[in-house]
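Proteins come first, then strands; the chains are lettered A, B, ... in the order of their sequence lines, and each starts at number 1.
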There are 2 protein chains.
Amino acid sequence: MQPRPRTIPEATVARLAVYLRVLATLADGGRSTVSSGELASAAGVNPAGLRKDLSHLGPCGVRGVGYDVDLLRDRLTRVLGVGRSRACVLVGIGNLGSALADYAGFGTRGFEFVGLFDASPARIGQRIGNLQVRGLDELEDVVAATGASIGVITTPAEVAQGICDRLAAAGVGSILNFAPVTLAAPAGVDVRKVDLSVELQVLAFLGQQRVPAEVGESA
Amino acid sequence: MQPRPRTIPEATVARLAVYLRVLATLADGGRSTVSSGELASAAGVNPAGLRKDLSHLGPCGVRGVGYDVDLLRDRLTRVLGVGRSRACVLVGIGNLGSALADYAGFGTRGFEFVGLFDASPARIGQRIGNLQVRGLDELEDVVAATGASIGVITTPAEVAQGICDRLAAAGVGSILNFAPVTLAAPAGVDVRKVDLSVELQVLAFLGQQRVPAEVGESA
DNA sequence: AGCCGCTTGTGAACGCAGGAACAAAGTCCG
DNA sequence: CGGACTTTGTTCCTGCGTTCACAAGCGGCT
């Protein structure tokens, strides 16, 4: 049997990652226990929802007291698989790619870039952090040698699909796409998309809805 | 008074922005009409869902033929409010902030940065694109002078809440937060969060879940 | 030892998004 | 001019996520 059903909703997983970060802050502050209400308000969610999210891991709190910070952190770390370091490759070393390659937040959370790739000869050989930018022709070799399981795409939209195909064929099972296109990937490969201009447009729409006086559509 | 009900689901708005981009590509390719199926597959969604999304704008297709590309583009542009340019300020000119300030995709979609701010004296005065980085003390003045309605936060987590408060107090109604914290904002201010390490952690979790399943199946 | 208050964990209802199927409408062809 | 095909717009339904509300359990106090 499966005492913990392996099916944790995706939305819940995203929140678990947030809880984990809040817990780290609390631990730094010297706290040893937290209540669901406190944790929920720090994470910006409903207390009942938080408890339900946590219930997917089995009981891990003490009634009448709350959650043990260290214990819960351990549990979340193990469930999310942050314990072992994961090898990532990054394709497209433009402004955004360089920023991501240099972003310290990844290394401390179990993600390590093992390869940076770009098509432009001008960028090949450039050093970012402790890595050198390689040519695209080395992509498959590096993925095979390092066993990288995650690929990050920060290329122009036109070539993103081609890179996606090559990553998938090379055995990369998870792709994070920043290019403003919808990628098609074979079954068994997860693709997540972060589209910055869509975020801004949604924000603009909500703001426009809130201030209809500024629109002046009927005039 | 409301031929179009003002309540368009947020998830739909995000997809409308995607459709708009796909339509731009199609228009560049010379296409004049598209069917819902074609548009849906290009956007990576279900055809029925796409039609439902578009139905929020009222009937804008021709039965038996499809959608007129230019007309639909016009309609979407007007609903999303991409027509007029929106003034944005960006706070925190680190690697990520610099990348965003230099990202061409925003300017072509109706978003214009009118102020870049950083706390570090080393960065103040630096030029990015056609803007100069200013000190944080000028933040309120610039927001007031330009009427900026959107603020983007790419600061370290520790100072993000303070910046959020100052932006909200200055009259910025929409905030896009890249800092790895959950921000609290007064009512009437929309906050959207883009958390890169959460995206990676979700991806890692999905991949981790997939691998043991594959092992069990192939054995 | 017993009671009380606090907090977790779970069960149920509500609302929402997503998907499939169907009727209306317009066009193309004979 | 009429029929048939294509495609939209809508309606229904199913499933998921979220929220509310309550019972169970644990620690502290008397």
Side-chain angles (χ1 to χ4, degrees), chain A residues 3-19 22-23 26 31-69 71-73 75-76 79 182 193 198 202 205-206, chain B residues 3-19 23 26 31-69 71-73 75-76 79 182 198 202 205-206:
Chain A
R4 295 174 202 157
R6 284 296 180 195
T7 54
I8 299 184
E10 216 171 291
T12 294
V13 174
R15 283 190 296 266
L16 292 181
V18 175
Y19 305 155
V22 175
L23 285 172
L26 288 173
R31 292 290 301 271
S32 62
T33 60
V34 212
S35 71
S36 67
E38 200 173 354
L39 198 55
S41 92
V45 300
N46 187 295
L50 181 139
R51 291 200 296 273
K52 178 157 290 206
D53 285 342
L54 260 44
S55 75
H56 285 109
L57 326 174
C60 47
V62 180
R63 301 183 187 223
V65 177
Y67 298 94
D68 182 281
V69 172
L71 189 133
L72 187 56
R73 212 143 75 104
R75 191 78 74 98
L76 284 176
V79 169
T182 304
K193 182 176 158 190
V198 166
V202 172
F205 177 80
L206 296 177
Chain B
R4 301 171 201 157
R6 284 294 180 197
T7 54
I8 299 184
E10 213 173 294
T12 293
V13 175
R15 283 190 295 268
L16 291 181
V18 175
Y19 305 154
L23 284 172
L26 287 173
R31 292 290 302 271
S32 62
T33 61
V34 214
S35 71
S36 66
E38 200 173 354
L39 197 54
S41 92
V45 300
N46 187 292
L50 181 139
R51 291 199 295 273
K52 181 173 293 192
D53 285 341
L54 260 46
S55 74
H56 285 108
L57 326 174
C60 48
V62 180
R63 303 184 184 219
V65 176
Y67 298 94
D68 183 281
V69 172
L71 189 134
L72 186 55
R73 212 142 76 103
R75 189 79 73 101
L76 285 177
V79 170
T182 304
V198 166
V202 173
F205 177 80
L206 296 176

Visitor: Starting at CD of Glu38(B) and ending at C1' of dT8(D), how long is that distance when rounded to a whole Å?
Guide: 15 Å

Visitor: Just by distance, no angles: are the side chains of Asp53(B) and Thr12(B) close enough, under 3.5 Å, to form a donor-acceptor pair?
Guide: yes

Visitor: Under 4.0 Å, counting only non-hydrogen atoms across every strand here, what does Gly61(B) touch: a base, just sugar-phosphate, or nothing?
Guide: sugar-phosphate

Visitor: Do Lys52(B) side-chain and dG9(D) base share a donor-acceptor contact under 3.5 Å?
Guide: no

Visitor: Given atom CZ of Arg51(B) and atom C1' of dG18(C), what is their separation to the nearest angstrom?
Guide: 13 Å

Visitor: Rounded to whole angstroms, how far apart are CG on Leu54(A) and P on dT10(C)?
Guide: 11 Å

Visitor: When you measure from the side chain of Arg75(A) to the backbone of Cys60(A), do you find a donor-acceptor pair of N or O atoms at a distance under 3.5 Å?
Guide: no

Visitor: Could you tell me the separation between the CD atom of Glu10(B) and the P atom of dG17(D), rounded to a whole number of Å?
Guide: 17 Å

Visitor: Consider the side chain of Pro9(B), meaning its heavy atoms from C-beta on, and name the nucleotide among dA17(C), dT8(C), dG27(D) that approaches it most closely.
Guide: dA17(C)

Visitor: Asn46(A) side chain: which of dG27(D), dT19(D), dG9(D) is closest?
Guide: dT19(D)

Visitor: Side-chain N or O of Arg15(A) versus OP1/OP2 of dT18(D): is the shortest distance under 4.0 Å?
Guide: yes

Visitor: Could you state the atom-to-atom distance from CG of Leu50(A) to C1' of dT19(D) in whole Å?
Guide: 14 Å

Visitor: For dT8(C), does the base pair up with any side-chain atom of Arg63(A) as donor and acceptor (N or O, under 3.5 Å, distance only)?
Guide: yes

Visitor: In Å, rounded to the nearest 0.5 Å, how long is the span from CZ of Arg15(B) to CG of Leu50(B)?
Guide: 9.0 Å

Visitor: Roughly how many Å is it from CG in Asp68(B) to P in dT27(C), rounded to a whole number?
Guide: 13 Å

Visitor: Between Val69(A) and Leu23(A), which heavy-atom pair has the shortest distance, and what is it?
Guide: CG1-O, 3.9 Å

Visitor: Please state how far atom NE2 in His56(A) lies from atom P in dG11(C), giving the value in whole angstrom units.
Guide: 12 Å

Visitor: Are any of Ser36(B)'s side-chain N or O atoms less than 4.0 Å away from OP1 or OP2 of dT8(D)?
Guide: yes

Visitor: Check the distance between dT18(D)'s P and Asp53(A)'s CG and give it to me in whole angstrom.
Guide: 7 Å

Visitor: Do you know which two heavy atoms are closest between Ser36(B) and Tyr67(B), and how far apart they sit?
Guide: CB-CE1, 3.9 Å

Visitor: For DNA chain D, whose closest nucleotide is more 5', that of Gly64(A) or that of Ala11(A)?
Guide: Ala11(A)

Visitor: Would you say Tyr67(B) places a side-chain N or O within less than 4.0 Å of OP1 or OP2 belonging to dG9(D)?
Guide: yes

Visitor: Is Ala48(B) touching bases, backbone alone, or none of the nucleic acid, heavy atoms closer than 4.0 Å?
Guide: base

